[in-house]
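Single-structure report; data block below.
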Amino acid sequence: MTTWAPLLRFEGVIAGYGGGDVLKGVNYSMEEGGVTCIVGPNGSGKSTLLKTVSGLLRPRLGQIFFKGEPIVGRSPREILKLGIVQVPQQHSLFREMTVHENVELGAFLVKDRSVVAERMAMVREMFPIVAERAKDKAGSLSGGQQRLVEFARCLMLEPELVVLDEPSMGLDPKTLRIMLDTVKMMNSMGRSILLVEQNARQGLKLSSHGVVLENGQVRLSGTGDEVLNNPDIAALYLGGSVRAKMAASTSEVKENT
Amino acid sequence: MSRFKHGWWLLALAIFIAYPLVETNPAYTTIGIFTLIFMACATSWNMFSGYSGYVNLGSAVFYGSGAYTMALFANHLHMAGNGDLFWLVPLGGVVASIIAIPVGLVALRVRRHTFVVITIAIFFVFQLSAINFSFTGGTSGMQLPFIPWFITNYNVPFYYVALGIVVFAALLSAVVRRSRFGLQLLAIRDDEDRAAGLGVRVFAVKLTGFALSAFAVGMGGALYAMFIGQIYPQFVFDPIFDISIALMAIFGGLGTFIGPLLGALVLESTQQLLTLKYSNGSLYLIIFGGVFLIVILFMPQGVVVAIRDAWARRAARRDGRVTVGATVNPGATS
């Protein structure tokens with residue numbers, strides 16, 4: 001039972017594609033101002049859960065509340081207006097458009113041109129790549145650079161909640177470090193972050209809260225450290241102690257026989 | 001840089017303004033009028049199809065609608081054959097834009113290739129309607145009021161009105177390209193679903209662009225009808241027109257601002273000159289076929305983009321920089 005008012009609350013969310021359900025009753029409340037990382041094995045429904053938040057997938061049953069307001073059934077446009085911006089797993093820049101145009105598109109829901117100009121100046125300062133490669137086609141940037149421009153674009157709406165779907169995917173170690181620092185920076189600016197990360201150890205280290213999704217349900221949740229240090233979770237999803245756990249269970253079997 | 005560019009545009013405009021004053025032969029000023037009409041239509045076509053990536057092969061619907069608007073209003077209002085008929089030219093554009101709305105409501109429900117097929121189908125619906133309805137004059141077409149202007153000066157007013165339509169279409173295209181609306185069209189061209197994910201009202205944007213692009217094409221059709229004085233359904237609802245303006249834009253550079261203007265200027269004037277010199281209406285088709293093969297094989301993004309990229313590579317080599325592919329945006333205004 002939460003005593004604080006959650007920023008985002010999932011209540012019995014059931015969703016999927018075609019006939020099958022990927023999410024089978026997700027219940028979770030996300031705290032405001034933190035970084036929440038969702039981890040879990042492939043096919044557990046991590047990305048599907050994010051799609052239900054950004055309105056790209058409508059749950060079959062259940063409800064999602066953003067600051068107490070139900071958002072299921074709202075269009076992606078309406079959800080953007082509420083202050084939820086998603087950076088999808090695949091690179092989502094418009095390859096044939098310039099970097100500047102891509103970033104500008106992030107704020108096209110904002111009518112006041114002076115506000116757009118202000119925010120553009122802010123993201124150009126935060127992400128020098130936006131200024132340096134402003135006139136280049138987005139498709140000519142490297143994967144890491146594209147990711148940073150995507151971050152810049154999502155900040156143009158000054159969102160309350162930034163949803164990141166596997167932001168580290170395909171990045172080299174140096175760019176990964178920059179990306180993680182950027183996520184921290186966005187969080188320190190007051191943005192709440194909900195991210196799905198395949199590199200679970202990295203993601204949980206970065207996060208104030210962790211959620212383990214398994215077979216479409218929340219198996220465990222807690223602070224990032226709690227999830228990271230949970231022996232079962234470490235064995236199953238974080239790789240490190242799987243061999244040790246297997247060895248232990250093998251010796252147990254031998255002893256019993 | 002901007003001043004430099006504006007200077008070139010003003011110089012080009014001055015040349016176009018001076019043309020009928022320098023060249024008074026009606027045969028050549030007629031070529032000028034047709035070239036300008038096609039420049040306006042190709043630019044307007046590009047404003048939707050080039051920016052959004054939805055290739056419309058049914059633009060003759062708007063051209064024919066503009067032409068019939070001119071003929072029907074001139075006849076039903078019993079207008080005299082004089083300069084007052086020019087007031088019906090913008091009306092042709094308005095009617096074309098209004099017609100574009102139901103056409104777009106049907107055609108824009110589908111994407112890309114299917115859209116192309118639907119626009120062709122709708123074109124034939126309009127052509128057959130014009131042939132079969134009595135109010136359009138059927139196969140006999142419609143006669144417009146005779147304009148009793150002296151032969152040597154007859155073309156001049158038409159030329160300047162056509163130039164006005166070109167300037168209007170080019171300005172509209174530039175404004176759209178630089179606006180947030182244009183940005184949304186470009187985003188749709190790149191990835192419609194991603195654009196929707198960013199909150200772009202995809203269908204509304206496409207429909208608005210479609211209706212806007214019909215306006216100058218409709219005006220071109222109305223001016224053509226007034227200039228020729230007699231319209232037939234097969235000439236104003238002409239499939240060659242549909243293909244021609246698309247090819248002109250592709251030749252110059254699809255999605256660029258200057259490409260369709262340049263494409264229409266080169267191709268339409270060449271076609272008219274070949275017809276005039278050799279009295280062979282089909283020769284241009286052979287030459288055009290060869291030119292398009294070369295462009296599609298060696299400059300698939302169009303002449304303007306190919307030149308711009310070559311220029312950028314040359315500048316990069318000179319500065320000792322390395323470039324990978326094109327560094328400029330094909331949709332950029334220049």
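Chain naming here is simple, since letters A, B, ... match the order of the sequence lines and numbering starts at 1 in each. Only a predicted model underlies this, so the values are computations on that prediction, with no experimental measurement involved.
Taking 4.5 Å as the limit, some side-chain heavy atom of A:Met97 sits within range of a side-chain heavy atom of B:Asp190. The side-chain heavy atoms of A:Val116 and B:Arg180, taken from C-beta on, include a pair separated by under 4.5 Å. With a 4.5 Å cut-off on side-chain heavy atoms, A:Arg153 and B:Leu198 count as touching.
Looking at A:Ala107, the atoms closer than 4.5 Å to chain B (heavy atoms on both sides) all sit in the backbone: N, CA, C or O. For B:Ala195, the parts lying near chain A are the backbone and the side chain together; criterion is any non-hydrogen pair under 4.5 Å. For A:Leu93, the part lying near chain B is the backbone, with the side chain staying farther off; criterion is any non-hydrogen pair under 4.5 Å.
Closest of all the heavy-atom pairs between A:Leu105 and B:Ala187 is CD1-CB, 3.5 Å.
Heavy-atom contacts from other residues, nucleotides or ligands closer than 6.0 Å to OH of A:Tyr17 number more than 12. More than 12 non-hydrogen atoms from other residues, nucleotides or ligands lie less than 6.0 angstrom from CZ of B:Arg112.
We find the CG-OG1 distance between B:Leu183 and A:Thr98 to be 8.0 Å, quoted to the nearest 0.5 Å. Rounding to the nearest 0.5 angstrom, the gap separating the CZ atom in A:Phe94 from the CZ atom in B:Arg194 is 7.0 Å.
Between A:Glu101 and B:Arg177, at least one side-chain nitrogen of the basic residue sits less than 4.0 Å from a carboxylate oxygen of the acidic one, meeting the salt-bridge criterion.
The main-chain N or O of B:Val200 is never found under 3.5 Å from a side-chain atom of A:Arg77 such that the two would form a donor-acceptor pair.
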